[in-house]
Amino acid sequence: MWCVAMLGQYTAEALGAIKAAGFTGLLFDFEISLSDITVQDTLAVLANTKVAGLAAAVTTSHCAPTGPTGFVQAPGPVGFAIAWGTSADVTFFSPQMYTGG
């Protein structure tokens with residue numbers, strides 16, 4: 001479950017260490033979050049990932065984040081998905097194609 005504190009762990013130092021370990025990118029599975037996350041919070045982490053020289057990928061359910069909490073701040077779940085899918089900082093956006101969610 002994503003929250004602002006978790007997103008805050010993706011610092012320039014942490015992302016640099018990930019790159020130094022030989023990774024070329026990160027995949028963020030944005031499904032469920034606490035209600036404190038804003039679209040700007042997620043976009044900032046994706047931008048920081050790209051600045052660190054890593055690919056930033058996002059996956060979520062086929063239509064938008066689901067679950068009883070989170071991703072409810074404006075612009076809402078669909079707005080979050082649109083922001084991720086149109087962000088220049090996202091290397092690829094992959095909605096999960098399954099019947100639930």
Side-chain angles (χ1 to χ4, degrees):
M1 182 173 303
W2 292 93
C3 65
V4 169
M6 180 184 272
L7 291 175
Q9 295 178 19
Y10 292 89
T11 63
E13 181 180 354
L15 292 166
I18 291 168
K19 183 168 176 71
F23 290 92
T24 59
L26 296 175
L27 173 62
F28 295 89
D29 185 4
F30 290 133
E31 290 285 335
I32 301 172
S33 77
L34 296 179
S35 61
D36 63 345
I37 288 184
T38 66
V39 71
Q40 292 80 10
D41 295 328
T42 61
L43 292 176
V45 168
L46 297 167
N48 292 343
T49 301
K50 185 174 181 181
V51 167
L54 295 163
V58 173
T59 186
T60 192
S61 81
H62 71 282
C63 57
T66 62
T69 62
F71 298 110
V72 296
Q73 300 284 349
V78 172
F80 273 84
I82 290 170
W84 300 326
T86 59
S87 171
D89 295 319
V90 174
T91 306
F92 68 89
F93 178 66
S94 179
Q96 299 164 12
M97 303 308 282
Y98 49 82
T99 58

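Looking at T60 and F93, their side chains come closer than 4.5 Å, going by heavy atoms from C-beta outward. In this structure, the side chains of T49 and V45 come closer than 4.5 Å at one or more pairs of heavy atoms. Side-chain contact between L15 and V51: absent, with no pair of heavy atoms (C-beta onward) separated by less than 4.5 Å. Put simply, the side chain of I37 reaches to within 4.5 Å of the side chain of T42, judged on heavy atoms.
Side-chain heavy atoms closer than 4.5 Å link hydrophobic residues (I, L, V, M, F, W, Y) into clusters, and following such links, even through other members, never connects L27 to F23. There is a path of hydrophobic side-chain contacts, each under 4.5 Å, that joins L46 to V4.
S94 and T59 get closest at one heavy-atom pair: O-OG1, 2.6 Å. Here the closest non-hydrogen pair linking D89 and A47 is OD2-CB, 3.2 Å. In this structure, A52 and K19 approach most closely via the heavy-atom pair O-CD, 3.1 Å. Between K50 and A88 the shortest heavy-atom distance is NZ-O, 3.0 Å.
For the atom pair CG (L26) and CG (N48), the distance works out to 11.5 Å, reported to the nearest 0.5 Å.
Here the rule is ring pair (Phe, Tyr, Trp, His ring centres under 6.0 Å) with F28, and of Y10, F92, F80, W84 only Y10 fits it.
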